[in-house]
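To keep things clear, I will list the structure first and then write my remarks on it.
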Amino acid sequence: MTVYQAPRGTSDILPEEQAYRLYIEQKAADIARLYGYKRIDTPVFEDTELFLRGVGEATDIVQKEVYTFEDRGGNKLTLRPEGTAPVCRAYLEHGMQNLSQPVKLFYIEANYRYERPQAGRYREFRQFGYEAIGDSDPALDAEVIDMAWRFFVSMGINNLHLIINSIGCPNCRPQYLEKLKAYYTQGSQTLCNDCKTRLEKNPLRLLDCKNETCRLLASTAPRSYEHLCPECAEHYVNLKKFLSVLGLPYEVDHCLVRGLDYYTRTVFEIQPEIEGAQSTIGGGGRYDGLIEELGGKPTPALGFATGIERIAANLKRQNLPVPGLPGAVVLVAYLGEAAREAAVKLCGELRKSGCAALQASGGKSLKAQLRQANSAGVRYTVIIGDDEIKAGTVQLREMTTSEQKNVTPQELKEILLGK
RNA sequence: GUGGGUAUAGUGCAGCGGUCUAACACGCCAGGUUGUGGCCCUGGAAAACGAGGGUUCAAAUCCCUCUACCCACCCCA
């Protein structure tokens, strides 16, 4: 029995799991490059204030899910629960408003949220995201959505749905919310208890309650995209136009709202076809007010983020293979003390010239050493014994064919390094 | 914060009151070839049955408490 275990909601990423992670991160970076997004890394922790202002004080994330602590200098810090606010902070801190706009960034990072873990939900989880800051062009919205979609398509994940909606801006949303409240107040006796509090606290959230009767109410509720101001309406029409131009199979869902306060206008989600929880694999939207909220001048922006663990889960569910990680190409086996020295030396030389070499672990029979070679999956095994030392050669065995020949050190290097 | 489920070797599991000195599979180690892997055969190491308490002549098996993990709600990636 182990004494210690990884803290709740966290897990070790074991070697066999790394192939998934690396594959996903590599693809994320490939797509970023394809669209001209440059990588940024921000600190794991930030001033607590950044998330209060950025994510929204009223959100669940900030209210009950944040890991907050004070350091020895008395600074109030918070483990980053999401990626957008820190990127915007960096944008402002480094004067990126002086770069040519929009500034296109992407990140791959761990996030921390204190929640009850369950399938696809962890306290430490990894996401990657794309952010485009400094441009309100709906074509840019379409571009970010296109990136997200292309990523999933290139991963081979199928049966995905792209859901979009527009939730307006500070000009038109208040009026819409009034209408929504009025509508729900009429039907409030059939609302579930959660929704009764939502009605006061966060009426937009009424729309995505999973309760059956609430859903029924939501289906005929006033629709945000029918209550947009002229600017937002035009933006939304153009967004749909560009999505069509790009050939993206979007579905409009007036019930799609997102949990972070900063979203304006475009919101979107990508959902796999599974029943039950954690239906969202990725999502994002526009956050035209966030930079200003953080102390910059009014700056339109939008982004997309997705969870690496959830992507991996989908890959596994579909039995999609990921490319394996390359291992060592040769194992050096030896028999006897004199050969041991030669083996150590040879391994050193091979590695120095860039050939991934494994040294057989000591004191074992040749049989055991070959077993080791087999399980390591090396292509070749070099065998050194007294006979070889005397002759100044080594045995080179090719594992798949079991062909074995005596070669000189020179020939060995040509085979392992040449070609 | 609320509800449900599960806890037995490294992993996956069997066992459902005495026959448990806890089985099986994979994995690990070794032997079958005094210098040759993968298949096969043989053997071995590895579990005080999550922790504590109780019932009983007898508990891995029944009861209670705790803890951990999983799943769901909330919310989200």
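Just so it is clear, the model here is predicted, and its values are computed rather than measured. Values reported hereafter were calculated over all heavy atoms of this structure, with side chains retained and with hydrogens, waters and symmetry mates removed. Note on naming: letters A, B, ... go to the chains in the order of the sequence lines (proteins, then strands), and numbering restarts at 1 for each one.
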>> Between B:A60 and B:U21, how many Å separate the two C1' atoms, rounded to a whole number?
In response: 15 Å
>> Going by the rule salt bridge (charged side-chain N to carboxylate O under 4.0 Å, His left out), which residues pair with A:Asp135 if we only count those two or more places apart in sequence or in a different chain?
In response: none
>> For a quick test of reading the model: is some side-chain N or O of A:Gln5 closer than 4.0 Å to OP1 or OP2 of B:C69?
In response: no
> Roughly how many Å is it from CG in A:Asn314 to P in B:A77, rounded to a whole number?
Replying inline: 15 Å
>> Measure CE/A:Met399 against C1'/B:G38 and give the value in whole Å, please.
In response: 8 Å
>> What's the gap between B:C13 and B:A25 when it is taken at their C1' atoms, as a whole Å value?
In response: 8 Å
> NA contact type, A:Arg126, heavy-atom cut-off 4.0 Å: base, sugar-phosphate, or nothing?
Replying inline: nothing
> How would you label the contact of A:Gln404 with the nucleic acid (heavy atoms, under 4.0 Å): base, sugar-phosphate, or nothing?
Replying inline: base
>> Taking only the C1' atom of each, what is the distance from B:G17 to B:C75 in whole angstrom?
In response: 46 Å
> Can you tell me which stems RNA chain B forms when a stem means 3 or more consecutive Watson-Crick or G-U pairs under 3.5 Å?
Replying inline: B:1-7 with B:67-73, B:10-12 with B:24-26, B:28-32 with B:40-44, B:50-54 with B:62-66
>> Under the rule for salt bridge (charged side-chain N to carboxylate O under 4.0 Å, His left out), what residues qualify as partners of A:Glu226, not counting sequence neighbours?
In response: none
>> Say we look at B:A47 and B:U67: how far apart would their P atoms be, to the nearest angstrom?
In response: 28 Å
>> Using the C1' atom as the point on both nucleotides, what is the distance between B:A23 and B:G12, in whole Å?
In response: 14 Å
> Between A:Gln318 and A:Asn158, does any side-chain donor sit less than 3.5 Å from a side-chain acceptor?
Replying inline: yes
> Regarding A:Lys104 and the six-membered ring of A:Tyr130, is the cationic atom NZ or CZ under 6.0 Å from the ring centre and inside 45° of its axis?
Replying inline: no
> How is A:Ile311 classified with respect to the nucleic acid when contacts are heavy atoms under 4.0 Å: base, sugar-phosphate, or nothing?
Replying inline: nothing
>> Any residue in residues 25-32 of chain A with a heavy atom nearer than 4.0 angstrom to RNA chain B? Just list them by number, or reply none.
In response: none
>> Tell me every residue that passes salt bridge (charged side-chain N to carboxylate O under 4.0 Å, His left out) with A:Arg39, counting only those two or more places apart in sequence or in another chain.
In response: A:Asp41
>> Between B:G5 and B:C64, how many Å separate the two P atoms, rounded to a whole number?
In response: 12 Å
Please tabulate, for side-chain N and O atoms in residues 365-373 of chain A, each donor-acceptor pair with protein atoms closer than 3.5 Å (sequence neighbours left out).
from, atom 1, to, atom 2, distance (Å)
A:Ser365, OG, A:Ala368, N, 3.0
A:Gln369, OE1, A:Tyr334, N, 2.9
A:Gln369, NE2, A:Tyr334, O, 2.8
A:Gln369, NE2, A:Lys364, O, 3.1
A:Gln372, OE1, A:Ser361, N, 3.3
A:Gln372, OE1, A:Ser361, OG, 3.3

> Is there a donor-acceptor pair under 3.5 Å between the side chain of A:Thr381 and the backbone N or O of A:Arg397?
Replying inline: no
> A:Ala119 side chain: which of B:G35, B:A72, B:C70 is closest?
Replying inline: B:A72
> So does A:Glu115 reach the base of B:A77 with its side chain, donor to acceptor, closer than 3.5 Å?
Replying inline: yes
Show each protein N/O and nucleotides 3-7 of chain B N/O combination with a separation under 3.5 Å, one pair to a line.
from, atom 1, to, atom 2, distance (Å)
B:G3, O6, A:Arg116, NH2, 3.4

> Below 4.0 angstrom from OP1 or OP2 of B:A72, is there any side-chain N or O of A:Gln118?
Replying inline: yes
>> For a quick check of understanding: with a heavy-atom distance under 4.0 Å over all strands, which category does A:Asn111 fall into, base, sugar-phosphate or nothing?
In response: nothing
>> Once you apply a heavy-atom cut-off of 4.0 Å, does A:Gln395 come out as touching a base, just sugar-phosphate, or nothing?
In response: base
>> At less than 4.0 Å, is any side-chain N or O atom of A:Arg8 found next to OP1 or OP2 of B:C69? Yes or no.
In response: yes
> Taking CG from A:Asp386 and P from B:G35, how many angstroms apart are they, rounded to a whole number?
Replying inline: 10 Å
> Among B:A77, B:C71, B:G35, which is the nearest nucleotide to the side chain of A:Leu260?
Replying inline: B:A77
> In whole Å, what separates the P atom of B:U61 from that of B:A46?
Replying inline: 24 Å
> Got a second to check how far A:Met96's CE is from A:Thr299's OG1, nearest 0.5 Å?
Replying inline: 12.5 Å
> If you pin A:Tyr122 and A:Leu366 to their nearest nucleotides in RNA chain B, which one's is more 5'?
Replying inline: A:Leu366
>> Can you tell me how far apart OH (A:Tyr380) and CD (A:Glu398) are? Round to the nearest 0.5 Å.
In response: 4.5 Å
>> Would you say A:Thr393 and A:Thr408 are linked by a side-chain donor-acceptor pair, where the criterion is simply a distance under 3.5 Å?
In response: no
>> So A:Thr381, base contact, sugar-phosphate only, or nothing? Heavy-atom distance under 4.0 Å.
In response: nothing
> A:Glu388 near the nucleic acid: base, sugar-phosphate alone, or nothing, with a heavy-atom cut-off under 4.0 Å?
Replying inline: base
>> Closest-nucleotide mapping onto RNA chain B: is A:Gly307 or A:Pro7 further toward the 5' terminus? I mean the 5' end.
In response: A:Pro7
> What is the nucleic acid contact for A:Arg198, judged by heavy atoms within less than 4.0 Å: base, sugar-phosphate only, or nothing?
Replying inline: sugar-phosphate
>> Is a donor from one side chain sitting under 3.5 angstrom from an acceptor on the other, for A:Thr42 and A:Arg80?
In response: yes
Can I get a per-line list of side-chain donor-acceptor pairs under 3.5 Å for residues 335-343 of chain A, giving both atom names and the distance, sequence neighbours left out?
from, atom 1, to, atom 2, distance (Å)
A:Glu337, OE2, A:Arg340, NH1, 3.4

> What's the closest nucleotide to the A:Phe125 side chain, out of B:A77, B:U36, B:A68?
Replying inline: B:A77
Side-chain polar contacts of residues 178-187 of chain A - donor-acceptor pairs under 3.5 angstrom, sequence neighbours left out - could you list them?
from, atom 1, to, atom 2, distance (Å)
A:Tyr183, OH, A:Leu217, O, 2.5
A:Tyr183, OH, A:Thr220, OG1, 2.7
A:Thr185, OG1, A:Lys181, O, 2.5

> Is the number of heavy atoms from other residues, nucleotides or ligands under 6.0 Å of A:Lys316 NZ greater than 12?
Replying inline: yes
>> Please classify the glycosidic conformation of B:A68 as syn (within 90° of 0) or anti (everything else).
In response: anti
>> Without decimals, in angstroms, what is the distance between A:Glu269 CD and B:A77 C1'?
In response: 10 Å
>> Enumerate the ring-ring contact (aromatic ring centres under 6.0 Å, His included) contacts for residues 157-181 of chain A, please, sequence neighbours excluded, ordered by first and then second residue.
In response: A:Tyr176-A:His227
> By salt bridge (charged side-chain N to carboxylate O under 4.0 Å, His left out), which residues pair with A:Glu251, not counting sequence neighbours?
Replying inline: none
>> Please give the distance between the P atoms of B:A14 and B:U33 as a whole number of Å.
In response: 39 Å
> Of the nucleotides B:G38, B:A77, B:C75, which one has an atom closest to the side chain of A:Asn374?
Replying inline: B:G38
> Considering the options A:Arg286, A:Glu82, A:Arg53, which one meets the side-chain hydrogen bond (donor to acceptor under 3.5 Å, both in side chains) requirement together with A:Tyr262?
Replying inline: A:Glu82
Nucleotides 31-33 of chain B: which of its N/O atoms have a protein N/O under 3.5 Å away?
from, atom 1, to, atom 2, distance (Å)
B:G32, N7, A:Lys367, NZ, 3.2

